[in-house]
Amino acid sequence: MTQMITPGAAQWLFAWESCAGLAPAHAALRLLRTACPDADPARLAALPAGRRDALLIDLREALFGRAFACTTDCPACAQRLELEFGIDALRVPAHDAPLTDLRLEHAGYELRLRLPTALDLARIAHHDGVASARRALLEACVGEARFHGAPRSPLDLPEEVVTRLADVMAAADPQAGSAIALRCPGCGHAWEAGFDIAAYLWRELDDWARRVLLEVHALASHYGWTEPDVLALPPARRRAYLEMVGA
Ligand SMILES: [Zn+2]
């Protein structure tokens, strides 16, 4: 079990600053290192994607609460939908399926697999395009591939086998790639929309950090306080002072 703490505003601002320009999947690893300072960074990097997401969901709850609000477009009629849901809609119940030593036998192919890790996701985030990211994941996660006993490159697998491989991974790590069931009130279309907790949390933290800097600016300018002074104020007291200075 990874022990999570709730660092203060100054530490989160530092983490936010250190993530500037990084892809959300890369930033996610740094945020988890901030939230889990006692965890071995190599162990966090090696977490299967779904275990990473479970921790990011816990971190989101600790930082910003249980309610989510976002928008999406109906894929059938393009109507903009305003979504509100609770954090439990994203959580997949814990399960006992093995996470390692995954195997697939299908149509003469025999594969040994491992699950994509947090580090894999951070690395592929810097690839241009889905095809290149997919190739990188296949190379990383397919330990051995054989066709009727003869070695095959992971990049030389038929689409049907790659689909089965994705199914094996999804069954072993169902928390990876949360999805929300949606129905469009306009046209009745029902679908499952993928939800990227790393991207969502990074956007929220980015908004929060920019808001806090404005608050520091307003209070430091007005009272002559330093940044650490302002950040040390409990949120309710900071809000009260901001109201007093009309910010
Ligand atoms: Zn629709």
Side-chain angles (χ1 to χ4, degrees), residues 16 19 21-29 31-32 48-95 97 115-116 118 120-138 141 157-211:
W16 167 75
C19 291
L22 296 182
H26 201 158
L29 259 181
L31 301 186
L32 286 181
R51 298 293 164 105
R52 179 204 75 161
D53 284 1
L55 280 179
L56 289 174
I57 291 169
D58 290 346
L59 176 57
R60 197 287 178 169
E61 181 171 4
L63 285 177
F64 301 117
R66 296 173 54 81
F68 283 76
C70 56
T71 59
T72 191
D73 295 334
C74 170
C77 72
Q79 182 179 326
R80 172 64 47 98
L81 308 185
E82 311 265 342
L83 308 179
E84 289 183 3
F85 52 90
I87 200 161
D88 291 336
L90 299 177
R91 287 190 166 118
V92 173
H95 69 105
L115 290 171
D120 292 328
L121 298 184
R123 285 184 172 147
I124 64 166
H126 296 281
H127 281 255
D128 288 333
V130 176
S132 151
R134 192 177 104 135
R135 274 198 305 276
L137 262 193
L138 281 172
C141 297
L157 299 173
E159 195 55 39
E160 183 192 339
V161 174
V162 175
T163 304
R164 293 285 181 124
L165 173 162
D167 291 344
V168 169
M169 288 177 173
D173 193 21
Q175 181 70 71
S178 305
I180 309 166
L182 299 176
R183 180 178 289 276
C184 172
C187 71
H189 179 67
W191 78 104
E192 285 225 322
F195 185 86
D196 184 347
I197 182 66
Y200 190 94
L201 179 58
W202 172 246
R203 260 197 318 276
E204 277 188 320
L205 191 79
D206 190 47
D207 289 346
W208 169 86
R210 292 172 196 281
R211 202 167 56 241

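In this text the structure is predicted, and so the values were computed from the model without any measurement. Each ligand, and each atom within it, is numbered from 1 in the order the structure gives.
Tyr200 and Phe68 have tilted rings, their planes meeting at an angle from 30° to 60° on a 0 to 90° scale.
Atom CG in Asp206 sits 4.0 Å away from atom CZ in Arg210 (nearest 0.5 Å).
For the pair Glu204 and Arg211, the salt-bridge criterion is not met [side-chain N within less than 4.0 Å of a carboxylate O].
Between Met169 and Pro116, the shortest heavy-atom distance links the atoms SD-CD, 3.9 Å. Considering every non-hydrogen atom in both Trp191 and Cys74, the closest pair reads CH2-CA, 3.8 Å.
Atoms of the protein (N, O or S only) found under 2.8 Å from the Zn ion (ligand 1) are Cys74 SG, Cys77 SG, Cys184 SG, Cys187 SG.
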Ignoring hydrogens and angles, write down the donor-acceptor pairs under 3.5 Å from the side chains of residues 124-132, residues two or more places apart or on other chains.
{"from": "His126", "atom 1": "NE2", "to": "His26", "atom 2": "ND1", "distance (Å)": "3.1"}
{"from": "His127", "atom 1": "ND1", "to": "Ser132", "atom 2": "OG", "distance (Å)": "2.7"}

